[in-house]
Novice: 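So that we are looking at the same thing, I have put the structure below in structure tokens.
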Amino acid sequence: MKKVLVLTLFMFSVFGMMAQSSKNSEKEAILNVMKLQEKAWNKHDLEGYMEGYWKNDSLKFYGRSGLTKGWQNTLNNYKKGYPTQAESGILNFVIKDISRIESHTYWVMGEYHLTRDAGDAKGVFMVIFKKIEGEWRIIADMSC
């Protein structure tokens, strides 16, 4: 009986460590997407920045101008709002929380800071990442 109890406890602890390791690797993958977005933005590569988003008409972005639906519309808004390197500047994300919503879906809450010739800007955001076809992509973004 003791052997069964010890074996059961061992199995639960192993599965618990595996689940935690999986969550940590998912969070690292999400952070990597955001680091790539920072790098692209800082080169004024808005298309590269948008690689972090789900390339789908169901993408949702909610910001100062209201709700924008779709990847292309979101990219068009970025191009209109940040037409040159002076307007886009240097982006730095400060991540405050990454939490799992459900399997293969997380929210990320944080701050963005833009250092730029056109005047610095900052704000907060909450994005929802979902693993789609093996890739982590933002499916919804609320930034202000």
Novice: With sequence neighbours excluded, what pairs up with Ser103 under the side-chain contact (heavy atoms from CB on, under 4.5 Å) test?
Specialist: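 With sequence neighbours excluded, Ser103 shows a side-chain contact (heavy atoms from CB on, under 4.5 Å) to Arg100, given in chain and number order.
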
Novice: Which heavy atom of Trp41 sits nearest a heavy atom of Gly89, and at what distance?
Specialist: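 So the two residues come closest at CD1-O, 3.9 Å.
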
Novice: Holding to side-chain contact (heavy atoms from CB on, under 4.5 Å), I want the full list of residues that pass it with Gln85, two or more places apart in sequence or in another chain.
Specialist: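 Gln85 satisfies side-chain contact (heavy atoms from CB on, under 4.5 Å) with His44, Ser88, Ile90 only.
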
Novice: If two hydrophobic side chains count as joined below 4.5 Å and joins carry through other members, does Ile30 share a cluster with Ile95?
Specialist: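 Yes: a chain of side-chain contacts under 4.5 Å links Ile30 to Ile95.
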
Novice: Using a 3.5 Å cut-off and no angle test, enumerate the donor-acceptor pairs between side-chain atoms of residues 55-64 and protein atoms at least two apart in sequence or in another chain.
Specialist:
{"from": "Asn56", "atom 1": "OD1", "to": "Ser58", "atom 2": "N", "distance (Å)": "2.7"}
{"from": "Asn56", "atom 1": "OD1", "to": "Ser58", "atom 2": "OG", "distance (Å)": "3.2"}

Novice: Sequence neighbours left out, what passes salt bridge (charged side-chain N to carboxylate O under 4.0 Å, His left out) with Glu47? Give chain and number order.
Specialist: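 With sequence neighbours excluded, Glu47 shows a salt bridge (charged side-chain N to carboxylate O under 4.0 Å, His left out) to Lys79, given in chain and number order.
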
Novice: Excluding sequence neighbours, so at least two apart, what forms side-chain hydrogen bond (donor to acceptor under 3.5 Å, both in side chains) with Asn77?
Specialist: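 Thr68.
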
Novice: Just verifying a value: how many Å separate Ile128 CD1 and Ile101 CD1, rounded to the nearest 0.5 Å?
Specialist: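 One gets 4.5 Å once the value is rounded to the nearest 0.5 Å.
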
Novice: Examine Val94 and Val108 and state if one hydrophobic cluster contains both, with Ile, Leu, Val, Met, Phe, Trp and Tyr joined whenever side-chain heavy atoms are less than 4.5 Å apart.
Specialist: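 Hydrophobic grouping puts Val94 apart from Val108.
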
Novice: Are Leu114 and Leu46 connected in a single hydrophobic cluster, I mean Ile/Leu/Val/Met/Phe/Trp/Tyr linked by side-chain heavy atoms less than 4.5 Å apart?
Specialist: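 Yes, Leu46 and Leu114 fall within the same hydrophobic cluster.
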
Novice: Closest approach of Ser143 and Phe125, non-hydrogen atoms and distance?
Specialist: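 Heavy atoms only, the tightest pair is OG-CB, 3.4 Å.
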
Novice: For Trp54, check ring pair (Phe, Tyr, Trp, His ring centres under 6.0 Å) against everything at least two apart and list the hits.
Specialist: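 Testing Trp54 for ring pair (Phe, Tyr, Trp, His ring centres under 6.0 Å), a comparison that skips the adjacent residues, returns none.
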
Novice: About how many Å separate OH of Tyr106 and CD1 of Ile98, when rounded to the nearest 0.5 Å?
Specialist: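 If I round to the nearest 0.5 Å, the distance is 9.0 Å.
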
Novice: Ignoring hydrogens and angles, write down the donor-acceptor pairs under 3.5 Å from the side chains of residues 31-40, residues two or more places apart or on other chains.
Specialist:
{"from": "Gln37", "atom 1": "NE2", "to": "Tyr49", "atom 2": "O", "distance (Å)": "3.1"}
{"from": "Glu38", "atom 1": "OE2", "to": "Phe93", "atom 2": "N", "distance (Å)": "2.5"}

Novice: Determine which pairs satisfy side chain to side chain donor-acceptor pair (under 3.5 Å) with at least one residue from residues 112-126, sequence neighbours left out, and list them in order.
Specialist: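 Listed once each, the pairs are Glu111-His113.
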
Novice: Scan residues 128-144 for pairs that pass salt bridge (charged side-chain N to carboxylate O under 4.0 Å, His left out), counting only residues two or more places apart or in two chains.
Specialist: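 Sorted result for residues 128-144: Glu135-Arg137.
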
Novice: When rounded to the nearest 0.5 angstrom, what distance separates NZ in Lys96 from CE in Met109?
Specialist: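 Going from NZ on Lys96 over to CE on Met109, the span is 12.5 Å.
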
Novice: Just verifying a value: how many Å separate Ile138 CD1 and Met126 CE, rounded to the nearest 0.5 Å?
Specialist: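 Atom-to-atom, Ile138:CD1 and Met126:CE are 12.0 Å apart.
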
Novice: Specify the closest pair of heavy atoms between Asp97 and Trp107, including all atoms of both residues, with the distance to one decimal.
Specialist: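 Of all heavy-atom pairs spanning Asp97 and Trp107, the closest is OD2-NE1, 2.8 Å.
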
Novice: Enumerate donor-acceptor pairs with a distance under 3.5 Å from any side-chain N or O in residues 69-76 to protein atoms, sequence neighbours excluded.
Specialist:
{"from": "Trp71", "atom 1": "NE1", "to": "Met50", "atom 2": "O", "distance (Å)": "3.1"}
{"from": "Gln72", "atom 1": "NE2", "to": "Asn76", "atom 2": "OD1", "distance (Å)": "3.0"}
{"from": "Asn73", "atom 1": "ND2", "to": "Lys69", "atom 2": "O", "distance (Å)": "2.8"}
{"from": "Thr74", "atom 1": "OG1", "to": "Gly70", "atom 2": "O", "distance (Å)": "2.8"}
{"from": "Asn76", "atom 1": "ND2", "to": "Gln72", "atom 2": "O", "distance (Å)": "3.4"}

Novice: So, the side chain of Glu87 versus the backbone of Thr84: is there a donor-acceptor pair under 3.5 Å, distance only?
Specialist: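 At least one qualifying donor-acceptor pair exists.
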
